[in-house]
Amino acid sequence: MNTSKTKNKYQIAVVPGDGIGKEVMEATLFVLDELDIDFDYVYGEAGDECGQKNGNPLPEETLDIIRNADACLFGAAGETAADVIVKIRQEMKMYANLRPVKTYPNTNALFDDVDFMIVRENTEGLYIADQEELTEDGAIAKRIITRKAEERIIDYAFNYAKENNKSKVTGVHKANVLKKSDGLFKDVFYEVAERYPEIETEDFYVDATAMYLITQPQSFEVIVTTNLFGDILSDEGAGLVGGLGVIPSANIGEDGALFEPVHGSAPDIAGEGKANPIAMMLSAIMMLRYIGENEEADKFDAAILKVLNDGKILTRDLGGSSSTMEVAEAIKNNL
Ligand code: NAI
Ligand code: MG
């Protein structure tokens, strides 16, 4: 965040992308405009349409816009998603992937009282594509665990817990089998924990955690884990609270932060006003908290909760028949 800017005025990079990315972005900005914050939006192009037009799905100009902003709102890309969103995460060194698992009413959630955050390391682990190699017998993939990157993500998780009034952090690993790499993760987890004596700690093996997420999801507050485990557990978490239309995410880095719904460009419904804007809106709420606008975030969140509780104005994915903008209007009216 650029602290030299005057208070409550933020420069936000807006990258709507393709398909429903554009629709859910429009709906989200429509509500953000009603908040008591001064946003300066700078639009960037990226995705399939941008690639067809400019010959590059992620122009350097868009990267600069994201770099220079306090935060970025990203809609969705289509077929070029890997060249766009994965590249932005790498370029901006976005090391923390945040996936909240929180129940909202009138969604397809399996539980009505789940509320925890998954903090996933996003730069190393098993997902180092250029470290895979073919061999005579098949292939080998390396799993890289460094003290520096794991300490950074674990500290991020504890700090997140502290700042968001969470009382417990759970470290997830497989140190019984991956003795050296996850042994290191576990050691660093407890080293960092000492800096946060007020926060309770526990650690579980990843396989047991996969089960506990189903049998006792209410017991979790903040989970911190390595790249692959975090990828899998966060999709399991999405399944617990139901429906791509309501699942947000954040990517936090040294050079910037990007907030995006987990869903893609949904070509099957694009251009029809059927997309649920709530995943994008919850991503914007994560952005508000990131820039320190907690009160406005609470207000926005309460308005979404009210509309979901009423259950009258919902998009088709939640069993209603309202349009993207009708949902946005209802939420705006409840602010
Ligand atoms: P998708 O998330 O776009 O759609 C999956 C299903 O969920 C579709 O039936 C869609 O209609 C529905 N859906 C998704 N978001 C919705 C919303 N907000 N409201 C109502 N229904 C919603 O995933 P899919 O179909 O696998 O991929 C479509 C395109 O999106 C592909 O080109 C893919 O590469 C891209 N994609 C991009 C991502 C990104 O930009 N981060 C992430 C995932 C996919
Ligand atoms: Mg995934």
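This structure is a prediction, so every number in the text was calculated from the model and none was measured. Atoms within a ligand are numbered from 1 in the order they appear, just like the ligands themselves.
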Which residue and heavy atom of the protein sit nearest [atom], plus the separation:
| atom | answer |
| --- | --- |
| atom 17 (C) of ligand 1 | Asn276 N, 3.7 Å |
| atom 10 (C) of ligand 1 | Asp268 OD1, 3.4 Å |
| atom 37 (C) of ligand 1 | Ala77 O, 3.0 Å |
| atom 14 (C) of ligand 1 | His263 CB, 3.6 Å |
| atom 32 (O) of ligand 1 | Glu79 OE2, 2.7 Å |

Can you find a protein heavy atom closer to [atom] than 4.0 Å?
| atom | result |
| --- | --- |
| atom 27 (O) of ligand 1 | no |
| atom 8 (C) of ligand 1 | yes |
| atom 19 (N) of ligand 1 | yes |
| atom 24 (P) of ligand 1 | no |

Passes salt bridge (Lys or Arg N to Asp or Glu O under 4.0 Å), Lys162 versus Asp155? Steps please. CA-CA 10 Å; Lys162 189 176 159 186; Asp155 190 73; over 6 Å; no

Test side-chain contact (heavy atoms from CB on, under 4.5 Å) on Leu63 and Ile88; report intermediate values, then the result. CA-CA 7 Å; Leu63 282 169; Ile88 295 174; 4.3 Å; yes

Polar contact flag for Ala81 and ligand 1 (N/O pairs, less than 3.5 Å):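 No - when backbone and side-chain N and O of Ala81 are compared with those of ligand 1, no distance drops under 3.5 Å.
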
Would you say ligand 1 has an N or O under 3.5 Å from any N or O of Lys274?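 By distance alone, the answer is no.
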
Does only the side chain of [X] get under 4.0 Å from ligand 1, or the backbone, or both, or neither? Count heavy atoms.
| X | result |
| --- | --- |
| Ile269 | side chain |
| Glu260 | side chain |
| Pro267 | side chain |
| Ala266 | both |

Close approach of [X] to ligand 1, heavy atoms, under 4.0 angstrom:
| X | answer |
| --- | --- |
| Val24 | no |
| Leu244 | yes |
| Ala279 | no |

Atoms of ligand 1 close to Ile20 [distance to a heavy atom under 4.0 angstrom, numbered from 1]: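 Taking each heavy atom of Ile20 in turn, ligand 1 has 15 (N), 16 (C), 17 (C), 18 (N) under 4.0 Å.
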
Using a 4.0 Å cut-off to any heavy atom of Ser265, which atoms of ligand 1 qualify?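 Contacts of ligand 1 toward Ser265, numbered from 1: 3 (O), 29 (C), 30 (O).
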
Taking the six-membered ring where the residue is Trp, are the ring centres of [X] and [Y] under 6.0 Å apart?
| X | Y | result |
| --- | --- | --- |
| Phe229 | His173 | no |
| Phe259 | Phe74 | no |
| Phe158 | Phe189 | yes |

Which option, Pro261, Ala275, Gly78, Gly264, owns the non-hydrogen atom nearest atom 34 (O) of ligand 1?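 Checking each option, the heavy atom nearest atom 34 (O) of ligand 1 is found in Gly78.
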
So does Glu61 have more than 12 non-hydrogen atoms from other groups sitting under 6.0 Å from CD?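 No, the 6.0 Å shell around CD holds no more than 12 heavy atoms from other groups.
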
With a 6.0 Å cut-off (strictly less than), is the heavy-atom count around CD of Glu198, excluding the residue itself, greater than 12?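 Buried by this count: over 12 neighbours within 6.0 Å.
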
Is a side-chain donor-acceptor pair under 3.5 Å present for Thr135 with Asp137?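 No donor-acceptor contact under 3.5 Å links the two side chains.
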
Candidate pair Gln11 and Asn68, rule side-chain hydrogen bond (donor to acceptor under 3.5 Å, both in side chains), full reasoning: CA-CA 8 Å; Gln11 188 169 319; Asn68 293 329; over 6 Å; no

Go through it in stages, so that I can follow the logic: the residues are Thr123 and Glu121, the test is side-chain hydrogen bond (donor to acceptor under 3.5 Å, both in side chains), and I'd like the CA-CA distance, side-chain angles, deciding distance and then a yes or no. CA-CA 6 Å; Thr123 64; Glu121 206 293 322; 2.6 Å; yes

If you measure from the Lys or Arg side-chain nitrogens to the Asp or Glu carboxylate oxygens, is any gap between Glu124 and Lys148 under 4.0 Å?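 Result for this pair is no, no salt bridge flagged.
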
Looking at Asp301 and Lys102, does any basic side-chain N land under 4.0 Å from a carboxylate oxygen?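 Judged by the 4.0 Å cut-off on N to carboxylate O distance, Asp301 and Lys102 do form a salt bridge.
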
Check whether any side-chain N or O of Thr62 sits under 3.5 Å from a backbone N or O of Glu45 as a donor-acceptor pair, and report yes or no.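 Answer holds: yes.
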
